[in-house]
Amino acid sequence: MNVVVTGGAGFIGANLCRELSTRPGVGRITALDDLSTGSAANLKGVDAELVEGSILDTDLLDDVVSAADAVVHLAARPSVPRSLADPFASHEVNATGTVRVLEACRRRGTHLVAASSSSVYGAVPTLPKHEDLPTRPLSPYAASKLATEAYVLAHGASFGLPVLALRFFNVYGPLQPAGHAYAAVVPAFIDAMLRGAPVTVHGDGLQTRDFTYVGTVVRVLADAVLHQVTCAGPVNLAFGTRVSIRELIQRLATAVGGPPPTVEHLAARPGDVRDSQAADGVLRGLFPDVTPVPLDHGLADTVRWFRGLPEYAARSAGEPAGAGVL
Ligand SMILES: NC(=O)c1ccc[n+]([C@@H]2O[C@H](COP(=O)([O-])OP(=O)(O)OC[C@H]3O[C@@H](n4cnc5c(N)ncnc54)[C@H](O)[C@@H]3O)[C@@H](O)[C@H]2O)c1
C-alpha cells in the first residue's frame, strides 16, 4: 500500500511517516509538504520521500495522489494566533487546500484520513465534548478546521469517497518545535524550563486541555490507513484526560527536575477555549486495540527528546546562557 501524507514534514506528519515505515503492508510513503512550518530534517532517517510543494498546486497534488492507495491529510496552517494574524491565509490552506486534496482523491476513489481539531467545539461549554454537540468556533483557525472536516464528510456523503475526519485535541511529543511565537504549550514550557527561564501562561492557568501523546495519535492514523477505517461523522482523537495548565506545569517540572519554574501570567488570548476534554466512545469503538500513552510517560519522553537536541545538550553540559540556537 502506497501512502501520501500531506504535511508529512511537520510535527505529527513526520512522526506518522516514521510509524508507517515500521508497518508491514505499507510500501512507498510520500510526504507532500511546502515546508512552511515543517522541516526536511524531521524526516531524517525515515524511509519516506519528501516532495516539496503545496497542496494548492493542483497538478503537483494530482501527480502525487495518483500513485496513492491512501492519503493522510495533515497539511494546514496551524494555530489560533496565526489565524488571528492572517485569517485568509488559514482559510486558503485549511479550507481551499482541503477541497483540492479531496478532489485529487475523488478522481481515483482514494481513502482519505484528515485532521480536524477540537477547536471546532469552541464556545460550547459541555464536557466532555462528544461529537454530537454543536460547533461554535471562536477563531478563524477553528472555523477553517470546521470547514476542513465539513468538506471531508461532505465528499464522503456526496461522492461515496471513503473518508475519516479526526478531531485532534492537544497533541504533544518529539519534533514539536519550541522557540517561536506560535509554539504550542508543551514545547514552550519545556524550552523555558530547560533554559531556567520563566514559564509564560496566558490567563489564570486554570483552563484545561486534553493532551494526547503523538505516538498514540500516529498509531491511530496508521491503523486507520491499514484497515481503511471510515466514519460518516467526525471522530474525537483523544482519551478524556483533562489537565489544567497549572497542573501541566507541575507535571512537567517533575519530568524536567530541578527547582520549580517561575510562572508569569499574561492576558488570556482571544480565540482560546476555556476547557477541553474529549469523549472517546466513538474512537474506542473504531480502534478498540489502541491504548493511549499516559500523560506522565509522554511528557518524560518529550523532555528526553528535547534534552537530546544540541542546544539543550550543550546547556546541560554547562555552556553559558545564550549558546542556544532556537
Ligand atoms: N498539534 C496539535 O495539537 C493539533 C491539534 C489539532 C489539530 N491539529 C492538526 O494536525 C495537523 C498537523 O499539525 P501539526 O501540529 O503537525 O503542525 P505542523 O505545522 O507541524 O504541520 C503542518 C504541516 O503542513 C505543512 N503545510 C502547511 N501548508 C502547506 C501547504 N499549502 N502545502 C503543503 N504543506 C503545507 C507545513 O509545512 C507543516 O509541515 C494540522 O492539520 C493541524 O491543524 C494539530
Side-chain angles (χ1 to χ4, degrees), residues 4-18 30-43 48 50-58 60-61 64-65 71-83 86 89-101 104 112-122 129 137 139-149 151-152 165-178 180 182-188 209-214 216-218 220-221 234-238 273 276 278 298 302:
V4 167
V5 182
T6 73
F11 155 52
I12 299 171
N15 276 290
L16 174 62
C17 289
R18 186 176 295 276
T30 308
L32 173 61
D33 201 300
D34 71 354
L35 304 183
S36 50
T37 56
S39 153
N42 286 342
L43 289 168
L50 172 62
V51 175
E52 193 178 334
S54 174
I55 54 167
L56 296 169
D57 178 342
T58 313
L60 176 68
L61 191 61
V64 170
V65 170
V71 173
V72 183
H73 175 41
L74 303 176
R77 194 175 153 85
S79 103
V80 169
R82 251 194 200 100
S83 76
D86 189 348
S90 297
H91 176 86
E92 185 76 352
V93 179
N94 302 356
T96 307
T98 296
V99 180
R100 291 200 194 284
V101 172
L112 177 88
V113 179
S116 179
S117 162
S118 61
S119 63
V120 301
Y121 293 112
K129 310 289 185 197
S139 65
Y141 170 73
S144 72
K145 294 307 286 187
L146 185 57
T148 299
E149 69 167 48
Y151 276 120
V152 167
L166 294 164
R167 290 179 176 166
F168 297 179
F169 281 58
N170 283 69
V171 187
Y172 70 95
L175 300 185
Q176 193 171 31
H180 63 82
Y182 303 116
V185 68
V186 169
R209 296 290 181 267
D210 193 341
F211 291 98
T212 322
Y213 185 58
V214 70
T216 307
V217 170
V218 299
V220 169
L221 292 172
V235 180
N236 291 336
L237 204 181
V273 302
S276 186
T302 310

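Since the structure is predicted, the reported quantities are computational estimates derived from the model, not experimental observations. Whatever order the structure lists ligands and atoms in, that order sets their numbers, starting from 1.
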Peer 1: Hey, what do you get for CZ (R100) to CG (L60), rounding to the nearest 0.5 Å?
Peer 2: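 Between R100 CZ and L60 CG, I get 12.0 Å after rounding to 0.5 Å.
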Peer 1: At less than 4.0 angstrom from any atom of ligand 1, which residues have a non-hydrogen atom? List them by chain and residue number.
Peer 2: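 Near ligand 1, by chain and number: G7, A9, G10, F11, I12, D33, D34, L35, S36, T37, G38, G53, S54, I55, L74, A75, A76, P78, V93, A115, S116, S117, Y141, K145, F168, F169, N170, V171.
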Peer 1: Does D86 reach the main-chain N or O of R82 with its side chain, forming a donor-acceptor pair under 3.5 Å?
Peer 2: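 Checking the backbone N and O of R82 against the side chain of D86, no donor-acceptor pair under 3.5 Å is found.
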Peer 1: Without swapping roles, check the side chain of D210 against the backbone of F169 for a donor-acceptor pair under 3.5 Å.
Peer 2: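 The answer is no, because no donor-acceptor pair under 3.5 Å joins these two groups.
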Peer 1: Does K145 reach the main-chain N or O of P78 with its side chain, forming a donor-acceptor pair under 3.5 Å?
Peer 2: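 Not a single qualifying donor-acceptor pair exists.
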Peer 1: Please say whether the positively charged group of R209, taken as NZ for Lys or CZ for Arg, lies over the ring of Y172, i.e. under 6.0 angstrom from the six-membered ring centre and within 45 degrees of the axis.
Peer 2: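 Ring-cation test returns no.
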Peer 1: Do D34 side-chain atoms and S36 backbone N/O form a donor-acceptor pair below 3.5 Å?
Peer 2: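 Checked: pair present.
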